[in-house]
Asker: 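One structure, as structure tokens, below. Some questions next.
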Amino acid sequence: MFKIIEVTNLQFRYAGATEDTVKGISFKVAEGEIFGFLGPSGAGKSTTQKILTRMLQNYSGTVAIMKLELKKATASFYEHIGVGFELPNLYSRFTALENLNFFSKLYSMPTEDPMKLLAMVGLEQEAKTRVSEFSKGMKMRLNFCRALLNKPKILFLDEPTSGLDPKNARIIQDLIINQKRQGTTIFLTTHNMNIAECFTGQNAVSTVMLSKGRRNDGF
Amino acid sequence: MDFKFDKLLGLAGNDLKNLLRDSMLRLMFFAPILIILIVRMLIPEVTTLLHNRLSFNLAAYYPLIVSFFLILPSMMFGTALGFIFLEERDEGILQYISVTPITATGYMLYRLITFSLLSFIGTLLLIVFNGLLSYNLAPALLIILLVSLETPIYAIILASLASNKVEGLAVAKITGLLLVGPVLGFFLRSPWKYIGAIFPPFWVTEGFLAGLSNLRDCFLYIISGFIIHLIIIMLLLHLFQKKLTN
């Protein structure tokens, strides 16, 4: 199967730090799979995700996404990926619909209809409500559909269910499965070791365990 | 980064909506119009009053008054932009923008340019409609361009030194100290007045006042002012970039 992400001997050290945060990890992600990137806090998960989303660029090793070495990628790379951060980052003074309309203007490629996305996460009735009035679960759902605005080929999700009650967590998990069915590759970063169980019965789910900057799963 | 005109319009529309929904930012946005109204309508009334009651001729100080009001639109737009940056950092918006095709650097650049442009328009309106004195167009345009460069200075000082909006209010008071520059220029004789030279607004007011009598001095102030402003902006951008990456 086509490997959409290929990481080889990735190392990264923050400026001023005395040791590497990521210590030579390698892994491959197949197109269309849910890839669980697991490990406790401080394992280097978020740093690795920041490298894969070009937020950190002074790494060594190779990172190829869609067969393109990231160091050679331009800003148009962001036309093809979606990112859902752990904490929802939205304009609280704007309504849900205004937020999605604004963020869709940042892309050059055709974007999804915001109302369709809101309906998908059950927020169509709240389209004209200001985000400041949203609960954490509603914000996370809106955050999730914002990551889908540009119809991404790869969706990076950082702790997408963190701080959510079981009902809202289930909604997000179903949305992730739904995206996978539509062919999107999901790169899921989490400290929740049981996350793979949430996707039991799904084909093409793989995981990598990380601990103290190294793979901890025998690879 | 990837800029297109329709994208810029979209961003500008979003900024306008954001500004108008916050009472403090709304006031800062319309402040240049209020300033013009004060200069045009209130000052002549005060002049008449002072003349009739105290035989004091305020009109002799019109150049001083206009030069002082001249530096306010940039300060207002710069401070408003600083608060928007702080709010967007609090809400994680800048983090999200950094993973979109426009990138965080592109977004910052767009913001600094558009708000400087707003300052340019606000100051131009003030010079044209102040009603107290008229001014030569060529030096006026250069002085307006110079003072517009203060918008990024106020915005980046606020965004770099404050961690949130509450701290921002305190820092905004400190940036008000930049007005010391013009005051030193007004009240001290040469060479002492050049103590004010480290404050960017000094070059604007001195250049403006010199332009009323001596164009050569005016241009010298403007050229020196551009150099000082650009050096300060480069230093502040470096500071802000560091703060963003931390």
Side-chain angles (χ1 to χ4, degrees), chain A residues 14-17 46 49-58 73-95 97-109 111 130-132 134 139-140 142-143 146-147 149-150 152 154-158, chain B residues 1-26 28-29 80-81 83-111 114 164-165 238-239 241-246:
Chain A
Y14 284 100
S46 294
Q49 181 166 320
K50 279 182 181 168
I51 292 168
L52 297 184
T53 54
R54 281 182 85 239
M55 292 174 79
L56 295 174
Q57 296 187 22
N58 294 323
T74 62
S76 60
F77 163 75
Y78 293 117
E79 298 281 356
H80 308 289
I81 66 161
V83 184
F85 290 97
E86 183 176 359
L87 294 173
N89 26 23
L90 302 155
Y91 282 104
S92 53
R93 267 202 291 273
F94 288 0
T95 67
L97 187 58
E98 284 171 340
N99 264 285
L100 294 184
N101 279 332
F102 165 66
F103 287 110
S104 62
K105 287 184 184 122
L106 303 179
Y107 297 94
S108 300
M109 312 263 280
T111 47
R130 287 195 188 186
V131 170
S132 55
F134 274 21
K139 283 182 188 168
M140 287 302 277
L142 182 58
N143 213 40
R146 197 254 314 267
L149 268 176
N150 57 327
I154 310 173
L155 189 57
F156 291 92
L157 299 173
D158 191 3
Chain B
M1 80 188 94
D2 180 13
F3 276 129
K4 286 201 176 115
F5 187 67
D6 57 338
K7 249 189 217 185
L8 288 181
L9 275 184
L11 293 176
N14 184 66
D15 274 343
L16 192 63
K17 212 185 299 178
N18 204 2
L19 276 165
L20 297 180
R21 286 198 185 165
D22 181 275
S23 54
M24 183 176 77
L25 296 179
R26 195 165 48 226
M28 285 177 178
F29 186 73
L81 178 57
F83 276 107
I84 291 178
F85 275 144
L86 285 177
E87 195 172 82
E88 289 185 343
R89 205 169 55 207
D90 277 356
E91 295 190 323
I93 304 284
L94 289 181
Q95 185 189 35
Y96 186 79
I97 299 276
S98 69
V99 294
T100 66
I102 199 165
T103 72
T105 312
Y107 196 53
M108 278 264 305
L109 207 61
Y110 143 79
R111 278 284 181 63
T114 45
N164 50 52
K165 279 179 88 178
H238 182 68
L239 187 73
Q241 197 79 34
K242 257 180 136 178
K243 178 118 184 170
L244 267 186
T245 46
N246 287 338

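Below, chains carry the letters A, B, ... as their sequence lines are ordered, and counting in each starts from 1. Predicted model, so just to flag it, every value in this text is computed and none were measured.
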Asker: Hey, could you give me the CG/CZ distance between Asn14(B) and Phe94(A), rounded to the nearest 0.5 Å?
Answerer: 4.0 Å

Asker: Which atoms of Leu90(A) come close to chain B, meaning under 4.5 Å heavy atom to heavy atom: side chain ones, backbone ones, both, or neither?
Answerer: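 Only the backbone of Leu90(A) comes within 4.5 Å of chain B.
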
Asker: What heavy-atom pair brings Glu91(B) and Tyr91(A) nearest, and what distance separates the two atoms?
Answerer: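 That would be OE1-CA, 3.6 Å.
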
Asker: Measure distances from Phe85(A) to the heavy atoms of chain B and classify the residue's part below 4.5 Å as side chain, backbone, both or neither.
Answerer: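 For Phe85(A), side-chain heavy atoms alone lie under 4.5 Å from chain B.
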
Asker: So Phe102(A) and Leu11(B), side-chain contact (heavy atoms from CB on, under 4.5 Å) or not? Walk me through it.
Answerer: CA-CA 7 Å; Phe102(A) 165 66; Leu11(B) 293 176; 3.3 Å; yes

Asker: Calculate, to the nearest 0.5 Å, the distance between atoms CZ and CG belonging to Arg93(A) and Asn18(B) respectively.
Answerer: 4.5 Å

Asker: Any non-hydrogen side-chain atom of Phe103(A) less than 4.5 Å from a side-chain atom of Thr100(B)?
Answerer: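 Result no, sub-4.5 Å side-chain heavy-atom pair not found.
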
Asker: Find the distance between OH (Tyr107(B)) and CG (Leu106(A)) and round it off to the nearest 0.5 Å.
Answerer: 7.0 Å

Asker: Sort Phe77(A) into side chain, backbone, both or neither according to what part of it lies under 4.5 angstrom from a heavy atom of chain B.
Answerer: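 Contact with chain B is absent: no heavy atom of Phe77(A) under 4.5 Å.
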
Asker: Only one of Lys50(A), Met55(A), Arg54(A) clears side chain to side chain contact (heavy atoms under 4.5 Å, CB included) with Ser98(B); which?
Answerer: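 In the set Lys50(A), Met55(A), Arg54(A), the residue that makes a side chain to side chain contact (heavy atoms under 4.5 Å, CB included) with Ser98(B) is Met55(A).
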
Asker: Rounded to the nearest 0.5 Å, how far does OG1 of Thr53(A) lie from CD of Gln95(B)?
Answerer: 9.0 Å

